[in-house]
Amino acid sequence: MSPVMKASPARGRHRPHLPATRLHASASWVVPVVLGVLSGGYAMFIGHNQGATVLAAGLLGLVGAVVVGVACYLVGRIQGRLLPEVRAGLYGALLGCVIGFLYCLSGATVARASVIALAVALAMAAASFYVFHAREE
């Protein structure tokens with residue numbers, strides 16, 4: 001047989017799996033800072049477009065950036081001790097809260113923002129759950 005045509009031994013089902021990579025140590029604070037700045041900047045943009053003064057919109061953006069950054073940092077610190085199902089739910093809840101808050105700032109009703117946030121949270125939790133289980137050995 002040629003090397004290309006060799007049959008692989010049947011050792012059971014082979015699940016696709018993503019390679020485990022170690023992140024750089026600075027990723028533990030760089031990722032939350034970037035996510036905080038992006039969400040805070042977008043909150044400031046929305047607030048200013050809704051008629052707030054530059055100072056009020058800047059304060060809203062600053063508070064939003066700090067809250068999102070700290071929440072992302074705390075999730076990153078405890079994620080290694082959590083079950084994959086709980087971790088996926090936590091990621092979904094965090095993203096759902098951020099998207100719901102930003103959507104509510106745009107002038108939508110609280111009910112509509114809650115529905116959008118729930119849909120985004122469920123989608124993120126499902127995607128995270130899939131990725132965490134695809135990486136399992």
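Position 1 is the first residue of the sequence; numbering continues from there. All figures in this text were calculated on a predicted structure; none of them were measured in a lab.
Taking both residues in full, the closest heavy atoms of Ala57 and Ala52 are given as N-CB, 4.3 Å, listed atom of the first, atom of the second, then distance. Taking all atoms of both residues into account, the shortest heavy-atom contact from Leu82 to Arg87 is O-NH2, 4.0 Å. Between Gly100 and Ala113 the shortest heavy-atom distance is O-CB, 3.7 Å. Closest approach of Ala71 to Leu94, counting heavy atoms only: CB-CD1, 3.7 Å. Taking both residues in full, the closest heavy atoms of Gly89 and Ala125 are given as CA-CB, 4.3 Å, listed atom of the first, atom of the second, then distance. Nearest heavy-atom pair, Gly61 versus Ala43, reported as atom, atom and distance to 0.1 Å: CA-CB, 4.4 Å.
Taken together through direct or relayed side-chain contacts under 4.5 Å among Ile, Leu, Val, Met, Phe, Trp and Tyr, Val66 and Leu38 form parts of separate hydrophobic clusters. In terms of hydrophobic clustering, with Ile, Leu, Val, Met, Phe, Trp and Tyr side chains grouped at heavy-atom distances under 4.5 Å, Leu35 and Leu102 are assigned to different clusters. Residue Ile116 is not grouped with residue Leu122 when hydrophobic side chains (ILVMFWY) are merged at heavy-atom distances under 4.5 angstrom, including chains of intermediate members. Val115 and Leu95 fall into different hydrophobic clusters, where Ile, Leu, Val, Met, Phe, Trp and Tyr residues are linked whenever their side-chain heavy atoms come under 4.5 Å apart, directly or through other members. Linking ILVMFWY side-chain heavy atoms closer than 4.5 Å, directly or via other members, places Phe101 and Leu59 in two distinct hydrophobic clusters.
Within the structure, the side chain to side chain donor-acceptor pair (under 3.5 Å) test picks out no pair touching residues 60-73 (sequence neighbours left out). Here side chain to side chain donor-acceptor pair (under 3.5 Å) pairs that include residues 35-44, with residues two or more places apart or in two chains, number zero. Counting only residues at least two apart or in different chains, side chain to side chain donor-acceptor pair (under 3.5 Å) contacts with residues 94-103 comprise Tyr103-Arg112. The side chain to side chain donor-acceptor pair (under 3.5 Å) analysis of residues 49-58, with sequence neighbours excluded, yields no pairs.
The ring-ring contact (aromatic ring centres under 6.0 Å, His included) search around Phe129 returns His133, not counting sequence neighbours.
To the nearest 0.5 Å, the span separating CD1 on Ile99 from SG on Cys104 amounts to 13.0 Å. From Met44, atom CE reaches atom CG of Leu62 across 10.0 Å, with rounding to the nearest 0.5 Å. Here the CZ-CG distance, from Phe132 to Leu83, works out to 11.5 Å after rounding to the nearest 0.5 Å.
Within the 4.5 Å cutoff, the side chain of Val31 has no heavy atoms near those of the Cys72 side chain. Leu105 places a side-chain heavy atom less than 4.5 Å from the side chain of Leu60. Using a 4.5 Å cut-off on side-chain heavy atoms (C-beta onward), Leu90 and Ile78 make contact.
Grouping Ile, Leu, Val, Met, Phe, Trp and Tyr residues whose side-chain heavy atoms lie under 4.5 Å apart, directly or via other members, leaves Leu55 alone, with no other cluster members.
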